[in-house]
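Shown next, in structure tokens, is the structure this report addresses.
Counting convention: from 1, in listed order, for ligands and their atoms alike.
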Amino acid sequence: MKRILLKISGEQLGGKNSEGGFDVEVAKRLAKEVEEVIQMGAQMAIMVGGGNFIRGSQVANEDIDRVTADNAGMLSTVINAILLGDVFQHAGVPVAVLSNMSVPQIVDDFTYRRALNHFSKDRVVILAGGTGMPFVTTDTGAIMLALQLKCDVVAKATKVDGVYVEDPIENPKAHKLETLTYNEAVTNSNIRVMDKAALGMAGDNHLPIVIFELLKDGNITKIAKGENLVPKLAKSGLIA
Ligand code: UDP
């Protein structure tokens, strides 16, 4: 794979901090894996979520407008992105942070040309601010930016090793899917691997998605090498 967009949720960046927050150990581990991929000659963008701090849909109520809540959510992705950027920098991984939400005192605005320029200098591009617009999530941002940046694949990090019909953490006997297409992923309301708008856009544009377990060493390298983590799913549209 030449260019990969990694989507990491805020919950994953929060690691063991169940109350919200940022887990430096998770970030360091990620920096190490990403460095290996860069050394293999691949380019990588990372879209970070913000759910460890704020999800707009959970904050909006009769006193807080959804737009304001989503803006707060996007700001929380900026927090994750700048912290992750520092951890990468200190780990010796060249990085640039670009944001679709303008916060000029602390982060550069995203532009297509800036991102390409950073890629050409072998920098990892961390993307903040999702799409810059309310009513969607960073999953949609990940697909939009991957299309814009002509990424070969979107790798969505999860806590588990595939796609299940129920949450396998809540139900250890949950059935792991052997085949899954974009269409099934969009229409089956039990499948919550990525938000439906994002899946629809990926399907329309034939953008492959790999679902992988973040905290399993070597998974990101496997994706960069084009190895399928669950081969049967890879043949059927949505790659998992
Ligand atoms: N958000 C938004 N527009 C975007 C991306 C994110 O309004 O394009 C807001 C939305 O409120 C969302 C929050 O930012 O709940 C955090 O993003 P997300 O829920 O995707 O984070 P994750 O679940 O991946 O941690």
Residue from Leu5, Thr138, Ile209 passing side-chain contact (heavy atoms from CB on, under 4.5 Å) with Ile143: Ile209
Rounding to 0.5 Å, atoms CD (Gln12) and CG (Asp23) come to a distance of 11.5 Å
Kindly compute the distance separating OG1 (Thr77) from CG (Leu127), expressed to the nearest 0.5 Å. 9.5 Å
What I want to know is whether Arg55 and ligand 1 share at least one N or O pair that is separated by under 3.5 angstrom. yes
According to a hydrophobic-cluster definition based on side-chain heavy atoms being under 4.5 Å apart (Ile, Leu, Val, Met, Phe, Trp, Tyr only), do Phe88 and Ile82 belong together? yes
Can you report which non-hydrogen protein atom sits closest to atom 14 (O) of ligand 1, along with the distance? Gly73 C, 3.1 Å
Identify the protein heavy atom lying closest to atom 20 (O) of ligand 1, giving its residue, its atom name and the separation to 0.1 Å. Thr138 OG1, 2.5 Å
A student checking ligand 1 against Gly49 at a 4.0 Å heavy-atom cut-off should list atoms 21 (O), 22 (P), 24 (O), 25 (O)
Have a look at ligand 1 and work out which part of Gln58, if any, has a heavy atom under 4.0 Å from it: side chain, backbone, both or neither. neither
Positive for side-chain contact (heavy atoms from CB on, under 4.5 Å) with Lys156, one of Ile8, Ile211, Leu214: Ile211
Point-to-point distance, once rounded to the nearest 0.5 Å, from CE of Met101 to CG of Leu75: 5.0 Å
Within reach of ligand 1, part of Ile54 (heavy-atom separation under 4.0 Å): backbone
Hey, does Thr131 come in under 3.5 Å of ligand 1, counting only N/O atoms on both sides? yes
For the 3.5 Å polar cut-off, considering only N or O atoms, please tell me whether Ser57 and ligand 1 meet it. no
Do me a favour and list the nearest non-hydrogen protein atom to atom 21 (O) of ligand 1 with residue, atom name and distance? Gly50 N, 3.0 Å
So among Arg123, Gln43, Arg113, which one has a side chain to side chain donor-acceptor pair (under 3.5 Å) with His118? Arg123
Report, in ascending order of atom number, the atoms of ligand 1 lying under 4.0 Å from any heavy atom of Pro134. 7 (O)
With heavy atoms of Gly51 as the reference, note each atom of ligand 1 found under 4.0 Å away. 21 (O), 22 (P), 25 (O)
Residue and atom name of the nearest protein heavy atom (relative to atom 2 (C) of ligand 1), distance in Å to one decimal: Val136 O, 3.1 Å
Out of curiosity, Phe22 CZ to Leu83 CG, how far, rounded to the nearest 0.5 Å? 5.0 Å
Spatial distance of atom CG (Leu116) from atom NZ (Lys150) [nearest 0.5 Å]: 7.0 Å
For atom 7 (O) of ligand 1, what is the closest protein heavy atom, and at what distance to 0.1 Å? Asp70 CB, 3.1 Å
Quick one: which ligand 1 atoms are inside 4.0 Å of a heavy atom on Lys7? 24 (O)
How far is atom 12 (C) of ligand 1 from its nearest protein heavy atom, and which residue and atom is that? Gly56 N, 3.9 Å
Are Tyr112 and Met201 co-members of a hydrophobic cluster defined by side-chain heavy atoms under 4.5 Å apart? yes
Contact atoms of ligand 1, heavy-atom distance to Met133 under 4.0 Å: 2 (C), 3 (N), 4 (C), 7 (O), 8 (O)
